[in-house]
Structure formats: C-alpha cells, structure tokens
Asks: 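Please read through the structure below; I'll follow up with questions.
Predicted model only: the values in this text are computed from it and were never measured. The residues of the chain are indexed from 1 along the displayed sequence.
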Amino acid sequence: MAVSPVIALNARRSAKASPRQELPKVADLPRPPRVALLFPPNWTPTMPHLALPSLTAYLRQMGVAVMQRDLNAEVFDYILTPEYLRRSVAAVRRRWGSGSARSPGVLEAPSRETVDWALTRGPELVRSVAAAKDVVRSPAFYDGPEGFANFQILADCLELASLPFHPAHLHLQSYEAARPVDSSRNLLFGVSDRDHNMFLDIYEEIVLEDLEAFEPDVVGISIPSEAQVLAGFTLAHLVREAGIACHVTVGGPHISMLHDVLPKQPALFDLIDSAVVYDGEIPLYQLACAVVDGGDLDRVSNLIYRKGRTLQVTERKEPEKIRNLPLPDFDGFPLDRYLAPELVLPLMTARGCYFGQCAFCNVGYGEAESFSQLTARSLADQMLTLREKYGTRHIFFADEAITPRNLRGLSAILREEDEPIHWGGCVRFEKVIDQSLLDQMWAGGCRMIMFGLESASQAIIDHMIKGTELPHMSRILKESAAAGIWNHTFFFFGFPGETLDDAQQTVNFIYAHGDQINSAAMGTFLMERLSPAYRYPASFGVSRIIEDPARDLAIYFPYEVSNGLDEAMAERVHDGVLDSLPTKPFPHFYVSDVYRFLYAGRLSLDGRPNPAWLAPATAV
C-alpha cells in the first residue's frame, strides 16, 4: 500500500513525546470500560503465555471488564479436529490435485510428492487426530513409543492443514507466513490474502461473533514474537472489516522492539488505532479510560497513535514494580485444551533482568533497564494460590534469570510443603550457586534449570559481557546434576570476533560435560534490533550492519565482521555439530521447554535419572 509523502513526513515530525495529563478513574466514567484481550497463534500451545493473564488481572483489579482469549490454544485445537482436516484434504485436492485448473499464482506450488502424501495420508489423519490429542494430553504422553507416535500424528496434521495455504506453514515450533512479515508491504497484503492466510477463515469461525457480542471499547492484541505478526494484524484487519466499534491496539515485546520504527509506518495504522510499547498494564488501563471518556490520547503513556494525519508518540512511563501487580488471572483461558499431559502455568519472579548487560540481548529495548523482583514469600504464596485455584502442580518461571536470593528463599519455603510443586526457569552461572543451594532447590521442587552458557571461550564470554566464568560454569553443571536437577543449556556460534578455536572450545566443553547436560538449544548469533551489539557495532567488531529498506519492520539483520567467523561459517559450524548429535528415539520430550520440564518431573517421581543429552536415549 502506497503512503502519501505528506503523511509520512508528518509522522516523522510527530514522533516525539507529548506531555501527559492525568486521566479519569473508572469510578468517574459514565460506565466501566470493556476490554477484549487476544493472544494470536505462535507455537505449540503447551501452556498459557503470561501476557494476557497479567494484563487481565491488573485491569480487573481496576474495575475494567475483560474478555481474554488464548487463540494460540484455540486455533490449534480447532485445526486438530476431523472436521477441519477433512476440509483441508478437500482443499488440497481442489487446489493442487491432478486435473486442478487453478494456477498457483506468483508463489511456488508444493511438490507433487507432498500433494500425493496429503491426499493419501489425509483420510488416516482425519480418523486419528482426536485420539492423538487425547494421548498428548494424558499420562500416555510419557510412554516413549506411544507418546512419540501420537505426537507425530499431530505434526502431520499441521502439515496437512497448512498445505492449502502453501508456502505458509503452521507447525509445532512456529508459524511461517507465505511472505516475510518484516516488510510492511507484505504484511498489509497478507492480512487479507485468503489464498495464503489460514487465520482469516478460522477467526471468522471462532472469535468474531464473540467479540461483537462482548461490545468492547478496546481490543488489545498481544504480539510477543515475529511469528505472531501476521496472525495478530489479521485480527485487527477482521475487526475493522466487521465494523466493530472499538479502539484496536497492539502490544507485546515484538511491538516494543519496533518502538522507533512504528512512528514511520503510518500505513499500518489503517489496521490499528494505536500501539502500546514497553510494559502495558498502566497504559492499557489509561487507554481504556480515555476511550470511554472520549478524551485525548495524549494523556496515555507509552502510546503510538494516529491523530488526524500524523502519528503521535506519548511520554514513556517507567514500568510498575512487580510487587504492586496482582497475581496473574487465568480465568477464561481454555486450561484443558493445551497440548501437554499436565497443566503448567507461568509466573514471573521479577520484571527485567538483574544483570542486563549481555551484548547479544535487547532486554529493555534500547532504554535504561528497570528491575524489580518479588520476595520469596510472595512467590511461594502465588504458586500455592495457583495450585489451589487451578489445580496445577507445575510452575514455569518466565524470567530472564531468577536471582540467587529468590532461589534460596523460595526453596526453603516450598520444601516444607506436604504436596510439592515442581518448578523451573532460567538461572545465571553465578559463583554463589553451590551444591548446598542446588540440593535445597531440588528439595523445594526445582526440576529444571535453563542456563545461558552461550560460549565456553572465556575470551568470547568476556567480549559479549556475559559476566560468567568457566570454572564456575563447569562446577555448577556438575553440582546441579548431582542434585538431580535437569540441566538445559543455551549456546550459539558466531558472536562477532569468535574464531574457529573459540567455537571448538565450546564444543569441547559441551562434550566434557556430556553427563551433566540433559538438553540444549544451540544456534548462531543473531544481530537483533536494539541489542548492545546492534547499537554499538564497532565496539564488538562489527564492520557493517546491512539494513534493507524493503524490510522496514525487521528485527534481525545481516552483518559483516572485522575478524572471526562470518555468518556463513557460523552456520557451517552449527550444522556440523548438529549432525554429530546422537539420535533421540523419543524427540517429543525435547520439543519445548514445557515438555522437557514435565519429563524431568516425571522421571524424578519415578526415581529414574535424567538422561544425558549426548548419550543415545533408551526406551521409556
């Protein structure tokens, strides 16, 4: 969609903070605001995302009526049915089958082998999908052969369901749009492209009627990741098309990463009325009150919105301290429809990262980092409340990293509970973490720790300002394994300046600790928008960041380095290590953090040891 020069020019001129005035409270309004919160599809719905329950709890506490919908869970559940898959088989035959007169258009067609597979395998998948979902949602998931066979059926069902919209692809790990969504032109076209956007028909079936009946003042769409961009903006498009009289806003980490880009994208504001950047509780409440009051949106903090023909950026407000926020509210979520054998709920121990200096991470989105944490007592009370209210025995902490102080205090409280709660989350390799603490953590219910290893070259660790030391990393892995905790590590190749020798040191470290590492996620360095490496490239040996004007919503960028591995060589190193890994006969246990976490908990209950990542798995 073309943008007139006048609008684009005004948008740039208006991208500055405007003064904020006080807003009325709900009690002063003619009626309480009504807010509909929507979380679009993203990846395998193994547990709720925390965004909507956190916003919902705050808004309801302030007197706002809220309808929240986890469309990630609902869409997967809707697709994985005999009815939907039967329609998918018919659509594949109609669009791609032999004798079809329909042209594939400008995008590539699927291979003949893929179409033949879908038409041959499709009827069997239609018959099998309901039972497969039941297995994945039951203790049978933990049986290696049975769990994997049914998990694979669901993966095949998603392949079939995606094929009519080829090359778009919804799979168990993510969603890939037919065209890259880091281009506003592609995004604006994709939201109404019925040939390649599977969400249009699904949303019209499962959510639009409920939205119209709720009569929201504000529809808020959470977009934490790039994989949700098309699905999220498609919701906004359909709300507009349906003529629902409301204010449509988007928010979430992905939107916050684009806080300096969106004011230059006036065409996107044909789909939405505003974007909330950074933490959203207070701005969303202010926005709801302003919409009902009919007041000026200049008074709403952290907002980008269109006013007439220009885009306005309001004053940024520091995030609310986590201790002032209520317990996340999961009421209204389909807690029995997640694809996991047991209910896992997320929590946060803190807002922000207590370290917050790693050069590859964009925590804070380019702004000064703000950190606040709950006390161990408050955390334990929240966990016990969630167990009482929703029956969960599994809490997954979604923090950047849990502080050693909270690890110690929480473990001491929870180990006194008669009915243990299993928990896990991200932890830094801090030297204060020792065998005594790790033993206490296991006794207090900790079953999985995710460690940011990143590299095992001390020179690269220091260069990326990671703040960890190899001797402590080695010791903690050994002591954590001795305590019985599942160790998951993250590492990657290709940080600017890394040499083949540095990469080999990482590989050597991983293999030297093969008995203490139970799973790992490896990749290559990504130059992410607003990370220190992106903002100060010369300081990290980056000679050039390549920004393509056509990719005007990009959050990842190609780059060139002054020395060390380039992107292509880092990929070759990664692929070589990946090819050397032992095959896991039951890989479904390793697909997501939630599955690993639940598997670790199940092994502990059965009195079985955690398997080593680098050892071939045995029958379960």
Side-chain angles (χ1 to χ4, degrees), residues 353-363 400-401 426-431 433 449-481 487-528 530-543 545 556-581 593 612-614:
C353 178
Y354 72 89
F355 184 73
Q357 300 179 49
C358 299
F360 52 83
C361 181
N362 70 352
V363 64
E400 299 290 339
C426 292
V427 175
R428 284 174 48 81
F429 284 113
E430 302 284 13
K431 63 182 179 181
I433 296 176
I449 296 176
M450 298 188 294
F451 289 111
L453 176 74
E454 323 307 1
S455 171
S457 162
Q458 191 64 58
I460 296 301
I461 292 171
D462 294 341
H463 184 46
M464 63 174 63
I465 321 178
K466 180 66 182 176
T468 52
E469 300 175 9
L470 275 172
H472 295 301
M473 292 159 61
S474 176
R475 173 185 58 79
I476 291 169
L477 284 173
K478 294 174 183 176
E479 292 175 349
S480 182
N487 288 328
H488 179 78
T489 64
F490 303 95
F491 64 95
F492 59 86
F493 301 105
F495 188 79
E498 183 181 53
T499 64
L500 277 174
D501 180 65
D502 293 320
Q504 187 63 56
Q505 290 180 51
T506 299
V507 175
N508 293 346
F509 182 92
I510 293 296
Y511 274 84
H513 296 79
D515 292 339
Q516 292 94 42
I517 296 175
N518 307 109
S519 59
M522 66 173 177
T524 57
F525 171 71
L526 296 174
M527 180 63 72
E528 191 170 33
L530 303 178
S531 67
Y534 173 86
R535 288 183 290 144
Y536 313 108
S539 300
F540 297 97
V542 176
S543 56
I545 296 176
Y556 301 113
F557 302 90
Y559 61 94
E560 296 174 356
V561 293
S562 304
N563 56 75
L565 305 179
D566 60 18
E567 287 187 90
M569 182 58 72
E571 288 286 352
R572 289 177 60 186
V573 171
H574 168 273
D575 292 348
V577 175
L578 186 64
D579 290 343
S580 71
L581 298 176
D593 293 336
W613 181 50
L614 294 178

Asks: Please state whether the rings of Phe540 and His463 are parallel, tilted or perpendicular, taking 30° and 60° as the class boundaries.
Replies: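 Judged by the thresholds at 30° and 60°, the geometry between Phe540 and His463 is tilted.
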Asks: Does a side-chain heavy-atom distance below 4.5 Å link Asn362 with Tyr534?
Replies: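 SC-SC contact between Asn362 and Tyr534 ruled out.
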Asks: Determine whether Leu614 and Leu581 make a side-chain contact, defined as any pair of heavy atoms from C-beta on separated by less than 4.5 Å.
Replies: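 Yes, at least one pair of side-chain atoms sits under 4.5 Å.
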Asks: Quick check, are the ring centers of Phe360 and Phe492 under 6.0 angstrom apart?
Replies: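 Yes, the ring centres sit under 6.0 Å apart.
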Asks: Any idea which heavy atoms bring Thr506 and Ser455 closest together, and the distance?
Replies: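 Minimum heavy-atom contact is OG1-OG, 3.5 Å.
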Asks: Supply the atom-to-atom distance Phe557 CZ to Glu528 CD, rounded to the nearest 0.5 angstrom.
Replies: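 One finds 9.5 Å between CZ of Phe557 and CD of Glu528.
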Asks: For the residue pair Ala612 and Gly514, what are the closest heavy atoms and their distance?
Replies: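 The pair with the smallest heavy-atom distance is CB-O, 3.2 Å.
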Asks: Could you go through Leu453 and Met473, starting from their C-alpha distance and side-chain angles, then the distance that decides it, and tell me whether this counts as side chain to side chain contact (heavy atoms under 4.5 Å, CB included)?
Replies: CA-CA 8 Å; Leu453 176 74; Met473 292 159 61; 2.9 Å; yes
Asks: Can you check side chain to side chain contact (heavy atoms under 4.5 Å, CB included) on Phe509 and Leu470, steps first, answer last?
Replies: CA-CA 9 Å; Phe509 182 92; Leu470 275 172; 3.9 Å; yes
Asks: Applying side chain to side chain contact (heavy atoms under 4.5 Å, CB included) to Cys361 and Phe355, what does each step give before you reach the verdict?
Replies: CA-CA 11 Å; Cys361 181; Phe355 184 73; over 6 Å; no
Asks: Taking atom CZ of Arg535 as the centre, report whether more than 12 heavy atoms of other residues, nucleotides or ligands fall under 6.0 Å from it.
Replies: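 Buried by this count: over 12 neighbours within 6.0 Å.
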Asks: Answer yes or no: is there a side-chain heavy-atom contact under 4.5 Å between Glu454 and Phe490?
Replies: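 Glu454 reaches Phe490 side chain to side chain.
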Asks: Do Thr489 and Trp613 pass the side chain to side chain contact (heavy atoms under 4.5 Å, CB included) test, and can you show the C-alpha distance, the side-chain angles, and the key distance before you say yes or no?
Replies: CA-CA 10 Å; Thr489 64; Trp613 181 50; 5.8 Å; no
Asks: Where do Ser474 and His513 come nearest, in terms of heavy atoms and distance?
Replies: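 Answer, listing the atom of Ser474 first, then His513: OG-NE2, 2.7 Å.
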